[in-house]
There are 2 protein chains.
Amino acid sequence: MATGRSHRPATRSRGIPEATVARLPLYLRALTALSERSVPTVSSEELAAAAGVNSAKLRKDFSYLGSYGTRGVGYDVEYLVYQISRELGLTQDWPVVIVGIGNLGAALANYGGFASRGFRVAALLDADAALAGRLVAGLPVRHIDELEAIVVDNQVSIGVIATPAGAAQEVTDRLVNAGVTSILNFAPTVLSVPDGVDVRKVDLSIELQILAFHEQRKAGEGRQEPDGDVPAVMPA
Amino acid sequence: MATGRSHRPATRSRGIPEATVARLPLYLRALTALSERSVPTVSSEELAAAAGVNSAKLRKDFSYLGSYGTRGVGYDVEYLVYQISRELGLTQDWPVVIVGIGNLGAALANYGGFASRGFRVAALLDADAALAGRLVAGLPVRHIDELEAIVVDNQVSIGVIATPAGAAQEVTDRLVNAGVTSILNFAPTVLSVPDGVDVRKVDLSIELQILAFHEQRKAGEGRQEPDGDVPAVMPA
DNA sequence: ATGTCTTTGTGAACGCGTGCACAAAGATGG
DNA sequence: CCATCTTTGTGCACGCGTTCACAAAGACAT
């Protein structure tokens, strides 16, 4: 069983650090807002504040892309928008399929952030035949049987999984088999994928549990946790 | 002299590394599955495979919680479930409010992973008066005007924001003002919060853009990117 | 009891990411 | 043209997280 390795062994010499890649969309969003207000240039300090990061970090991030700023002035907003878009691959069209059109799938289909960034929803798929043909976000839901044909015909390389946990692995296998090489997984499952396929997961439950941990710590700030508190269950 | 003084090992004290905290829910999920299959014990190797991580990492993670394993045997599943649950604060009840009952908010309200982990949806809130009273996931949607009263009455400390971007900051301010100290933000905005308030954000668009970056790299593996490709827009 | 075998727990090394602090670059004004 | 001022780009050091590799611990058989 090939466990899905989401991280490459080592960054190439020409590679942009993963942490930087993860922040580029953040910068892009802030820059887009500036662009809409017709702001011509922005300093690293201002942009960093808008994106919620440290200015030194932002400058270092940009330094991986090249020297796009002007000392004493700042960065040209339009130019930077283009450079980051190009680096992220957003200047091209990315057809996407969404599998599992429940509440979450419908929310994703309706999400405006997709189309505005070069992502085009090629199809909505669901296993429930009763849903077939119903319009969601202006698109007809199609039956999961059509998955392979749709992926091939539209050259879909990105799949979004919004199915129940039990169906996620099978859907993944079918997507990968049909040619999908990037998967965004909303199902609470660890997916196995062959090498060369990227998986990112978004897990609502995990995020909440992390918040709960910090919340608990905040609540128990002063008092000491009774460490000897052991449950009835003991190791055999 | 590169090697400085070892100020504090930071091991035995109360500090669990953030990276470890983020993985505990993952382990917990795998352990729960084992528990339901009545598996009594599990080795670090097996559990790591189920959680999709390295076994050495898992053992080190557990070492921050204490020595809960038995050498030569592995970990007692039930005992470990309890210890992780306690560490994450899941043995207590966490009332949660969800603000913004669109498709996404409805999806969150219906998500089973909430209730099963000690999270209880105290209320669903929306600014649209037309939604008020409608049942979503068995709960009536209530108007945003009731936010403060609901937070106070139910001692809500965790808020989930599923509103449009434009409303997110205002909702955040009101939540924080009413006593919420942890926020899970699904709106594509950088939130400003006072010290002591934790914010975690989940951003669909950003995840997709990161995938697009890697996808683009995969597509252009062999050929060289024309680096001199510059748009018409140039810095002033 | 003793030896063997399995698996944990962890010391140590390494690599990545972050932030400081400053020199270099360029704008701007006299 | 020169001085000054602003802001970038980056060398460097530090700390966190990951991984390796192995000694210690215990189970189990004889």
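Letters A, B, ... mirror the listed sequences (proteins, then strands); counts begin at 1.
- Set against C/dG9, C/dG17, D/dG17, the side chain of A/Ala19 has C/dG17 as its closest nucleotide.
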Might you list the N or O atoms of the protein lying below 3.5 Å from N or O atoms in nucleotides 20-24 of chain C, with each pair's distance?
from	atom 1	to	atom 2	distance (Å)
C/dA21	N6	A/Arg59	NH2	3.4
C/dA24	N3	A/Arg71	NH1	2.7

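- When each of B/Phe62, B/Tyr79, B/Tyr75 is paired with B/Tyr68, the ring-ring contact (aromatic ring centres under 6.0 Å, His included) condition holds for B/Tyr79 and for no other.
- Distance B/Tyr64 OH to C/dT8 C1': 15 Å, rounded to the nearest Å.
- In terms of the side-chain contact (heavy atoms from CB on, under 4.5 Å) criterion, residue partners of B/Ala165 (sequence neighbours excluded) are, by chain and number, B/Pro188, B/Thr189.
- Atoms OH (A/Tyr75) and P (D/dT7) sit 12 Å apart, rounded to a whole Å.
- For the residue pair B/Gln209 / B/Ser205, a side-chain donor-acceptor distance below 3.5 Å is found, with atom types taken as modelled.
- Distance CG (A/Leu65) to P (D/dG9): 10 Å, rounded to an integer number of Å.
- Relative to the side chain of A/Ser43, the nucleotides D/dT8, C/dG17, C/dG9 differ in distance, and D/dT8 lies closest.
- For A/Val81, the side-chain contact (heavy atoms from CB on, under 4.5 Å) partners are A/Leu28, A/Leu31, A/Val77, A/Ser85, not counting sequence neighbours.
- Residues satisfying the side-chain contact (heavy atoms from CB on, under 4.5 Å) test with B/Ser192, not counting sequence neighbours, are B/Gln169.
- Mapping A/Ser63 and B/Arg23 onto DNA chain D by nearest heavy atom places A/Ser63 at the nucleotide closer to the 5' end.
- Within the structure, the ring-ring contact (aromatic ring centres under 6.0 Å, His included) test picks out no pair touching residues 159-210 of chain B (sequence neighbours left out).
- Taking atom CD on B/Glu18 and atom P on D/dT18, their separation rounds to 11 Å, with Å as the unit.
- B/Thr70 has no side-chain polar atom (N or O) that falls below the 4.0 Å cut-off from OP1 or OP2 of D/dG26.
- Atom CG of B/Asp61 is separated from atom P of D/dT18 by 7 Å (rounded to the nearest Å).
- Using a 4.0 Å cut-off, no side-chain N or O of B/Tyr68 falls inside it from OP1 or OP2 of C/dT7.
- Note: CZ (B/Phe62) to P (C/dT8) measures 10 Å, nearest angstrom.
- Atom CG in B/Leu58 sits about 14 Å away from atom P in C/dT10, given to the nearest Å.
- The side chain of B/Lys57 lies closest to D/dT18, out of C/dG9, D/dT18, D/dG17.
- The nearest whole Å value for the distance from the OH atom in B/Tyr27 to the P atom in C/dT8 is 13 Å.
- Residues satisfying the side-chain contact (heavy atoms from CB on, under 4.5 Å) criterion with A/Ala56, sequence neighbours excluded, are A/Asn54, A/Arg59.
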